[in-house]
Amino acid sequence: MLKIGVLASGRGSNFQAVMDAIKDGRIKNAAIALLVTDKPDAYAIERARANAIPFVYLAPRDYPTKDAYFEKIARELAERGVGLVLLAGFMRIVRRPLLDAFPWKVMNIHPALLPSFPGLHGQRQAADYGVKISGCTVHFVDEGMDTGPIIIQAAVPVRHDDTEESLSERILEHEHRIYPEAVRLFAEGRLEVQGKKVVIKGFRSDEAALVNPPLENFYLS
Ligand code: GAR
């Protein structure tokens, strides 16, 4: 049984998506063992309560250094036998003590097609830039900001009149699909990090390309 620890700072809809996938059997032999939050009023706490999942609020200011804070988080997770850590809208850069305790066992979801638009407001950056396709990425976490090996991505067409809000909403739907899928692949032992690449065992990509605007609709009559 894979025990999962979730780190969240806010709404927690990705946390919910993973819980739902465990509940409905898409992810087998896994359970969420702990939610850690850095915000006492994170809505993710309500979701943990509603699903009888233990949670702990850890205030960064109670620790002398950032490393000490992440050491504490690592201890909390290790005490509960966690084998996979999910950042789900956790708005801090993870430090070495947590990464060392869980080598290639910390995942993050980011609302853009990395390596484009890392950091905050990935959706706003994409909408402002004028890209025609953005999306979301699940990746293993390394010391950089949104730089670790990529596990799965979903491409989402961008509309010329998209705002940060409208694009975020459409991307979020796909976040909720790909995060549970990445967890499933991990739980099934199918992810292997080779340098910068994640090899997925038993999988060959042969889907058609997404083109936006779609070729056949390019000329409106
Ligand atoms: C999600 O859109 C996630 O991709 C993003 O924060 C949101 C959290 O929503 N994360 C980042 O921007 C990390 N750089 P949620 O709390 O409802 O899962």
Side-chain angles (χ1 to χ4, degrees), residues 4-23 26-27 32 34-51 53 55-58 60 66 69-70 73 84-95 98-99 106-129 131 133-158 162-184 186:
I4 299 171
V6 176
L7 275 55
S9 301
R11 181 176 58 183
S13 71
N14 279 291
F15 168 39
Q16 184 74 52
V18 174
M19 284 194 288
D20 291 348
I22 292 171
K23 255 190 263 171
R26 270 175 290 153
I27 304 170
I32 298 185
L34 183 68
L35 167 75
V36 179
T37 182
D38 59 342
K39 294 273 189 295
D41 54 353
Y43 188 70
I45 293 175
E46 303 309 318
R47 298 182 192 270
R49 276 207 187 96
N51 289 276
I53 288 172
F55 63 89
V56 55
Y57 159 57
L58 298 173
K66 288 180 180 161
Y69 182 62
F70 281 98
I73 293 178
L84 174 66
V85 181
L86 303 179
L87 310 185
F90 185 69
M91 295 306 184
R92 289 176 188 278
I93 297 188
V94 167
R95 306 281 291 213
L98 181 65
L99 300 177
V106 182
M107 284 184 191
N108 180 43
I109 182 133
H110 182 75
L113 286 180
L114 292 172
S116 292
F117 313 126
L120 293 176
H121 301 291
Q123 308 96 325
R124 187 199 299 169
Q125 293 183 59
D128 288 353
Y129 193 96
V131 291
I133 296 175
S134 190
C136 44
T137 303
V138 179
H139 62 95
F140 283 117
V141 176
D142 63 10
E143 266 181 319
M145 188 167 61
D146 303 324
T147 53
I150 291 172
I151 300 164
I152 184 168
Q153 297 185 298
V156 176
V158 182
D162 261 326
T163 59
E164 179 175 15
E165 291 69 34
S166 64
L167 183 57
S168 298
E169 202 176 302
R170 291 207 313 289
I171 290 176
L172 192 64
E173 275 176 41
H174 295 277
E175 294 186 35
H176 296 164
R177 295 171 64 214
I178 67 171
Y179 214 176
E181 178 65 6
V183 174
R184 180 179 77 84
F186 182 95

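Ligands are counted one by one from 1 in listed order, and the atoms in each one are counted from 1 as well.
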What does the contact table look like for ligand 1 (nitrogen or oxygen on each side, cut-off under 3.5 Å)?
unit_1   : atom_1 : unit_2 : atom_2 : d
ligand 1 : 2 (O)  : E175   : OE1    : 3.1
ligand 1 : 2 (O)  : E175   : OE2    : 2.9
ligand 1 : 4 (O)  : E175   : OE1    : 2.8
ligand 1 : 4 (O)  : E175   : OE2    : 3.3
ligand 1 : 9 (O)  : R11    : NH2    : 3.0
ligand 1 : 14 (N) : H110   : ND1    : 3.3
ligand 1 : 16 (O) : G12    : N      : 2.7
ligand 1 : 17 (O) : R11    : NE     : 2.6
ligand 1 : 17 (O) : R11    : NH2    : 3.2
ligand 1 : 17 (O) : S13    : N      : 2.8
ligand 1 : 17 (O) : S13    : OG     : 2.6
ligand 1 : 18 (O) : S13    : N      : 3.4
ligand 1 : 18 (O) : N14    : N      : 3.0
ligand 1 : 18 (O) : N14    : ND2    : 2.9

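Judged as a salt bridge (Lys or Arg N to Asp or Glu O under 4.0 Å), and not counting sequence neighbours, E173 has no contacts. Residues meeting the ring pair (Phe, Tyr, Trp, His ring centres under 6.0 Å) test with F55, sequence neighbours left out: none.
The minimum heavy-atom distance linking V141 with L87 is given by the pair CG2-CD1, 3.8 Å.
Formation of a donor-acceptor pair under 3.5 Å by the R95 side chain with backbone atoms of Y69 is not found in this model.
For the atom pair CG of D146 and OG1 of T137, the computed distance is 8.5 Å after rounding to the nearest 0.5 Å.
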Validation: residues 119-128 side-chain donor-acceptor distances under 3.5 Å, sequence neighbours left out:
unit_1 : atom_1 : unit_2 : atom_2 : d
H121   : ND1    : E164   : OE2    : 2.7
Q123   : NE2    : S168   : OG     : 3.4
R124   : NE     : E164   : OE1    : 2.9
R124   : NH2    : E164   : OE1    : 3.4
Q125   : NE2    : P118   : O      : 2.8
Q125   : NE2    : L120   : O      : 2.9

